[in-house]
Amino acid sequence: MPDRSLRPEPHRPSRVVLPWLVRLRWASLAGLAAVFAATPLLGIEVPGAPIALLLAGLAATNVVLALQLRSPEPSRTVIGWSLLLDGALLTGILYYAGGPMNPISVVYLVGITLAAVTLGHRWALVVSAVSIGAYALTFFWYEPLQFTDDRSTQYTLTLHLAGMWVALSAAAALIAYFVGRVSEALEQRETELIAARVQAERSERLAALLALGAGAAHELATPLSSVRTLVGELERTMAAGETAPAESREMLRVMRREIDRCTHVLDQLSGRATPASAADTEVDPASLADEVRRRLGDARGARLDVVLPHAPRPIAAPAEPLRQVVVALLQNAFDASAPGQHVALSVDQSRGVRLEIVDHGHGMSDELSARIGEPFVTTKPQGTGLGLGLFLARAFAEQMGGALHVHSVMGQGTSVVLELPAA
């Protein structure tokens, strides 16, 4: 089932949108302050003290919104009432600065846009109704603009129209920029949610697979142990008696080999290639290489080329799961290689920890490379592998905060990179 924590909670202001709301309001406030600072250049007199006090009120409401960014749960009520208070403060500014003749009334649209994007349609309707009603009041109660030169009054309409054009242009630019950036932020957030959902589904598949493997291992461990004991008894009986036919000895050798392979498969199914222990241990790269060679056996260990850093540092990872992951990846590389071909294991610690395994086998197609690492997807012949090595290795890397990358070219070989954080 999908993880409910990945779903956006309804009726809650988006933490993606809220930062842009604060920035847009600071930009609007700066624009208003610039307009009133320029009024002396236009030959207009306005009461400076009341307007400055109202602008300070607008700044205070934006500080309240900025503080909401630090809250884990931004309050719709606080944001909504802040926008309503903004409308009242803007109405007060219009009262002292010419009422409906002042083109800064366009700023009402900024608050309405913020309410619609941040709080939804209900709050947007409330803010719109309050803004429209407040603006209507300025038609009846306002202080006319005062000009330093009485002759400038004949240009009042021209000044008003020019101001409306400037205000509309500024508001349109701010709203377009704000909505565009919010859309980009929401798209990025959606991409992150999809990636998180995919990761959650992968974790659920891993948990289901390990549960299935644990059940299978439990059910098969007892009969497999009994068969192993019987094979051992037969070997001891043949060794104590007369010379047994070569065919019988060969059959016993094949039986033991197949039992060992079944045991290895059960180990993988039971999830031993994942970091079961929460306590990280330090793994020395040199000792890791030596242990890996030992587990591969003499034949394959001799064909393993290891490249270590000049001054290797311990790798912060659970020791046994890391060894099993590296051995599983190397076994895959040797299985894909021709007899006698070498496989390279290199360790790079310049940025975090990067273990790369390169073989020169037959490689994989692009289609198969895209699916490799999924459960039961394998390039091995049927009956010789389950395709769990890369899947568990990827799960190990992601649970450690790293990643697993596979790059393969048909006829040239495959490179598998296990990336782990430095600590």
Side-chain angles (χ1 to χ4, degrees), residues 192 194-210 213 267-269 271-277 280 283 285 288-289 291-292 295-296 304 306-309 315-337 343-361 363-380 385-409 412-423:
E192 293 173 355
I194 292 174
R197 190 176 296 113
V198 170
Q199 177 61 33
E201 292 173 354
R202 182 180 297 167
S203 298
E204 290 176 359
R205 290 200 305 269
L206 174 62
L209 176 64
L210 295 182
D267 287 344
Q268 286 191 310
L269 284 175
R272 297 178 191 176
T274 59
S277 174
D280 289 344
V283 183
L288 173 64
E291 178 63 18
V292 164
R295 297 190 184 190
L296 289 173
L304 177 63
V306 178
V307 179
L308 299 176
I315 301 173
E320 184 57 26
L322 177 60
R323 295 188 191 104
Q324 292 192 5
V325 165
V326 174
V327 169
L329 295 177
L330 286 171
Q331 293 282 19
N332 288 342
F334 279 112
D335 289 342
S337 303
V343 171
L345 168 64
S346 61
V347 181
D348 182 8
Q349 295 178 300
S350 57
R351 286 187 176 182
V353 179
R354 187 175 186 272
L355 293 89
E356 183 176 13
I357 297 170
V358 180
D359 67 67
H360 301 284
M364 295 178 288
S365 63
D366 294 339
E367 180 181 357
L368 184 57
S369 295
R371 295 188 56 212
I372 203 71
E374 297 179 7
F376 309 111
V377 176
T378 179
T379 60
K380 298 178 181 179
L386 294 176
L388 298 179
L390 275 172
F391 176 73
L392 295 175
R394 190 185 300 277
F396 170 82
E398 292 174 351
Q399 290 176 6
M400 291 297 297
L404 186 77
H405 306 286
V406 179
H407 176 71
S408 185
V409 179
Q412 298 184 19
T414 302
S415 169
V416 179
V417 177
L418 174 64
E419 293 182 348
L420 300 175

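Note that the structure is predicted; figures quoted are calculated from it, not measured.
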Colleague: Taking it one step at a time, do L355 and V325 satisfy side chain to side chain contact (heavy atoms under 4.5 Å, CB included)?
Modeller: CA-CA 11 Å; L355 293 89; V325 165; over 6 Å; no

Colleague: What closest approach, in Å, do S408 and G413 show between heavy atoms, and which atom pair accounts for it?
Modeller: OG-O, 3.3 Å

Colleague: Rounded to the nearest 0.5 Å, what separates atom CZ in R197 from atom CD in E192?
Modeller: 12.5 Å

Colleague: With sequence neighbours excluded, what pairs up with E291 under the salt bridge (charged side-chain N to carboxylate O under 4.0 Å, His left out) test?
Modeller: R294, R295

Colleague: What's the separation between atom CD1 in I315 and atom CG in L418, rounded to the nearest 0.5 Å?
Modeller: 9.0 Å

Colleague: Please name all residues satisfying side chain to side chain donor-acceptor pair (under 3.5 Å) with S337, sequence neighbours left out, ordered by chain then number.
Modeller: none

Colleague: Any side-chain heavy atom of P321 sitting closer than 4.5 Å to one from M400?
Modeller: no

Colleague: Working note: L304 + F334, criterion side chain to side chain contact (heavy atoms under 4.5 Å, CB included); need CA distance, chi angles, decisive distance, verdict.
Modeller: CA-CA 9 Å; L304 177 63; F334 279 112; 4.2 Å; yes

Colleague: I need the minimum non-hydrogen distance between L420 and A317, along with the two atoms involved.
Modeller: CD1-CB, 4.4 Å

Colleague: Just one of D359, V358, L329 clears the side-chain contact (heavy atoms from CB on, under 4.5 Å) bar with V343, so which one?
Modeller: D359

Colleague: Measuring from R354:CZ to Q349:CD, what's the distance to the nearest 0.5 Å?
Modeller: 13.0 Å

Colleague: What verdict does the side chain to side chain contact (heavy atoms under 4.5 Å, CB included) test give for L404 and E398, after you've listed the backbone C-alpha separation in whole Å, the side-chain angles of each residue and the deciding distance to 0.1 Å?
Modeller: CA-CA 8 Å; L404 186 77; E398 292 174 351; over 6 Å; no

